[in-house]
Number of protein chains: 2
Amino acid sequence: MSITHPAGFRASGVAAGLKSTGARDVALVVNDGPQHDSASVFTANRCQANPVLWSREVVKDGVVRAVVLNSGGANCYTGPEGFQTTHAVAERVAQHVGIGAGDVVVCSTGLIGLTNPRETVLAGVDDAHAALSAEGGEQAAEAIMTTDSVSKQVVVEGAGWSIGGMAKGAGMLAPQLATMLVVLTTDAVVPAADLDGALRAATRVSFDRLDSDGCMSTNDTVTVMASGASGITPSLPDFTEALTRACTDLAMQLLADAEGADHEIAITVLNAASEDDAVEVGRSIARSNLFKAAVFGKDPNWGRVLASVGTTQAAFDPADLDVAMNGVWVCRNSTPAEDPAGVDLSAREVSVTVDLKAGAHRATVWTNDLTHAYVHENSAYSS
Amino acid sequence: MSITHPAGFRASGVAAGLKSTGARDVALVVNDGPQHDSASVFTANRCQANPVLWSREVVKDGVVRAVVLNSGGANCYTGPEGFQTTHAVAERVAQHVGIGAGDVVVCSTGLIGLTNPRETVLAGVDDAHAALSAEGGEQAAEAIMTTDSVSKQVVVEGAGWSIGGMAKGAGMLAPQLATMLVVLTTDAVVPAADLDGALRAATRVSFDRLDSDGCMSTNDTVTVMASGASGITPSLPDFTEALTRACTDLAMQLLADAEGADHEIAITVLNAASEDDAVEVGRSIARSNLFKAAVFGKDPNWGRVLASVGTTQAAFDPADLDVAMNGVWVCRNSTPAEDPAGVDLSAREVSVTVDLKAGAHRATVWTNDLTHAYVHENSAYSS
C-alpha cells in the first residue's frame, strides 16, 4: 500500500552511503504517464534549501515527471556548490529517464550547512534508477526517513482510481531538522490547475495544521503527480476529498511518530468568527510550552490554555470562554466549572476544546506535548 | 538598596498565610508624597486577571498613592467573587492610609483559577499596613516572590534624586505561572505624562525584550511612582536614561534567575531595516525550541538560527545572512564560515549575533535555553 499502488508509477529506495548507518538514503519516484500533471507546495520559510529553490522553478509549468529525494543532508546553506549538486542530481535523473531536468523535483532532508559529496549522491541516483520497479514504493518510503521510527504510507481508493502517498518527518520536530517531505501519486486524470487547488485544500487542513513544536523547516515539500493511467476523470470534489483523506492520514502518522512525544494533542476551536480565527487560536495553544509541558505532566491546566488564547487577535470576549479537556468542561464563562480531577490525561491521545462563542467556524490543530525526551533529542544529538 | 531608598516611600512585606510555606506573601508600598504622579504598563494578554482589570482603571488619571501586591494566587478567572476581592483589598488599603480606593494599584501572582480566601487577604493587608516603614523595601521584595530563588532589587542614583525598584518573575517562565511584577519608586519630581513616556521607553528595551519562554502572563504589571520628595526635577532624558538602567538591571536579574535555565542568551540583531525588524527577528530566535534546546546541549547550531530568521517578515536577503555565536562568525553570506568547533557554549552567558545587512537598526532580545529542568518544573508541579 504505497506510492506505487496507483497505475503508472515506478519507485525505488537505495543506500548511497549518505547516512553513516548504511540505511537507504536516496529515493526516486517516476511518473510513466500517460499524463504528467503535478502540483507542489513548499515551506513558507524564507530561508530555503537548494532543492526547494530548484524545485519551485520546476513545478511552475505544472509538469513533473520524477521526484528524487535524499536523506542524510538538507543541502541548505551549503553555498553555490550545494546548488550545483541539486542541479547535477536533477540532470542525472533526467538523463537516465530520458526527460528534461526541468521536469525533475529534488527534495533533501538532514542537517543544514552540511555538504553531501556530489559523486556519492550521483552514484546513489544511478543505483536508484537501476532499481526502479512497480513494487518499489515501500523502499522509497524507507529511504526518505531520518529520525522517523517507521515509514509512513497511505492508499486511498476511488472509483476505479486511487491515490498513494509517502511522508517523513513532522515539521521540524525531530533532531537533525527532520523536515517534512511528502510525495503523493494518483492514476486519476486530473489537470494541473485542478491538482494545485486540490493539493492546497488538502494540505491546508492537514499538514498545515500539524504544529509539533512551532518550528518551520527550510526544506518542507509536498508534491502530487497524476499519471492518468486509470483513464478516469473523477469530479474535482471527489478527488479533493480523497486527497484530503490521504494527507490527513499521513499527517496523523507523522503526529503519532513525533520524536520524544508522550501525547498527541488535538486542539479544536469552536464557534469562531472565521476559520482563520479558529486556526490562530488553535496554533497559539499548540505552541505554548507551558501548555504542552502541563500535558506531559498530565495536568489539566486550563489557565495556560486561556493565557494562550489571550495572545491572539481572534474575536472573543475574555470573560466568556469555555474550555474542555478530554470532554470535561473545566472552565465555563471563563470561570472554574467541572472538577479538573475528572480529567484523565494518562492515555496518549488528548483533546482540548475551546469555545470562542463568536461565530460558527471551527478548526483543529494538532501538536505533541513537551517532554524530557524532546529536550534530550534536540540537545544531545544535534551536532 | 530597595524601593524605600528614594525619599517619600514606606513599604512592608508580611505573611498572610496565602502561601502554604508561611513565607511572606503580601507587600505594600505607599507614596507619602508630596507628589503622587505615576505610570503603569500591563500585560498585552487579552485574558487579564482581576487585579489588572482593576488597576488599569486606577492608573488612568496618573495618580497612584499605593501599590498592594500578593503572591499565592493570581486572582484570574476566579469569577465575580475574585473581582470583589480585588476591590475589597483596594478599599482596605485606602481606608488604612486615608486615601481613595481609586488611587490604589493591586497586583497578584500565582495560579490562574485559584480563589484566595478574602478574609485571609484582608488580614494580610491589615498586617502589611501596620508594618509599613522606610526600611521595609527588602521585605516587600520578598513578599512578591513565587518561584524566584532570590529577591530582585535595584537602586540607580541621579544628581540628588534616585530610583528604587523591585521585581519578580520572568514572563511566565516558572511554574505556577510566575507573572512579572515590578514596582519602581523615585523621589525625583516627574509629572505623570513624562513618567508615562519614560516608563514606556524603559520597558520597551528591557522587560519587553525578555522572552524566556514565549508565554505572556495574564497578570504582568509594571508601576512607577514619583514622590517628588527630593525637590529636584531632572531633565526628561536624564530621568528616562536612569529609569531604563533600573529596568534593564532588574530584567537581567529576572533572566539570571529563570527557573530551570542553564544559559542566559543575548540575541543581537544588527543592521536591520528598522528596530521593529530587529526585534521581530530576535524574538523569533528567542522562541525557537530547537535553537534553545541546542544551546542547552552546547551545540552551536546556526542552521536553527537561520530557520527562525526565515519565518519573519523582516527585510533581508536569505542568501546573505551572517551569524556569530559567542563572537565566532560560523556563517557568512548564508554559508558555513568559521569552524563551529571554536564556539565554547559551556559558560552560562551566550551571545548570538545576526547581521541582516538591510539597514542601520539593532536590538537585543534575551532568553534562556530549553532544559530538562524547565520541562520538569512546568509539568511536575503545576497543579
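These numbers come from a predicted model, not from an experiment. Letters A, B, ... are given to chains in the order of the sequence lines, protein chains preceding strands, and every chain is numbered from 1. Note: hydrogens, waters and symmetry copies are ignored here, and every other heavy atom, side chains too, is used.
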Practice item. Please state whether the side chain, the backbone, both or neither of Leu321(B) comes within less than 4.5 Å of a heavy atom of chain A. Key: side chain
Review point. Relative to chain B, which of Thr312(A), Thr43(A), Asp317(A), Thr78(A) shows the most heavy atom pairs under 4.5 Å?
Key: Thr312(A)
Exercise for review: Using distance alone, with no hydrogens and no angle criterion, decide if Thr335(A) and Asn333(A) have a side-chain donor and acceptor under 3.5 Å apart.
Suggested key: no
Review point. Only one of Asn70(B), Asn219(B), Asn50(B) clears side chain to side chain donor-acceptor pair (under 3.5 Å) with Ser108(B); which?
Key: Asn70(B)
Practice item. Please confirm whether the backbone N or O of Gly260(A) pairs with a side-chain atom of Thr371(A), one donor and one acceptor, at under 3.5 Å? Key: yes
Practice item. Check whether any side-chain N or O of Asp369(A) sits under 3.5 Å from a backbone N or O of Ala293(A) as a donor-acceptor pair, and report yes or no. Key: no
Exercise for review: Among Cys331(B), Ala44(B), Cys47(B), single out the residue with the greatest number of heavy-atom pairs under 4.5 Å to chain A.
Suggested key: Cys47(B)
Point to revise | Residue among Ala319(B), Ala314(B), Ser284(B) with most heavy-atom pairs under 4.5 Å to chain A | key: Ala314(B)
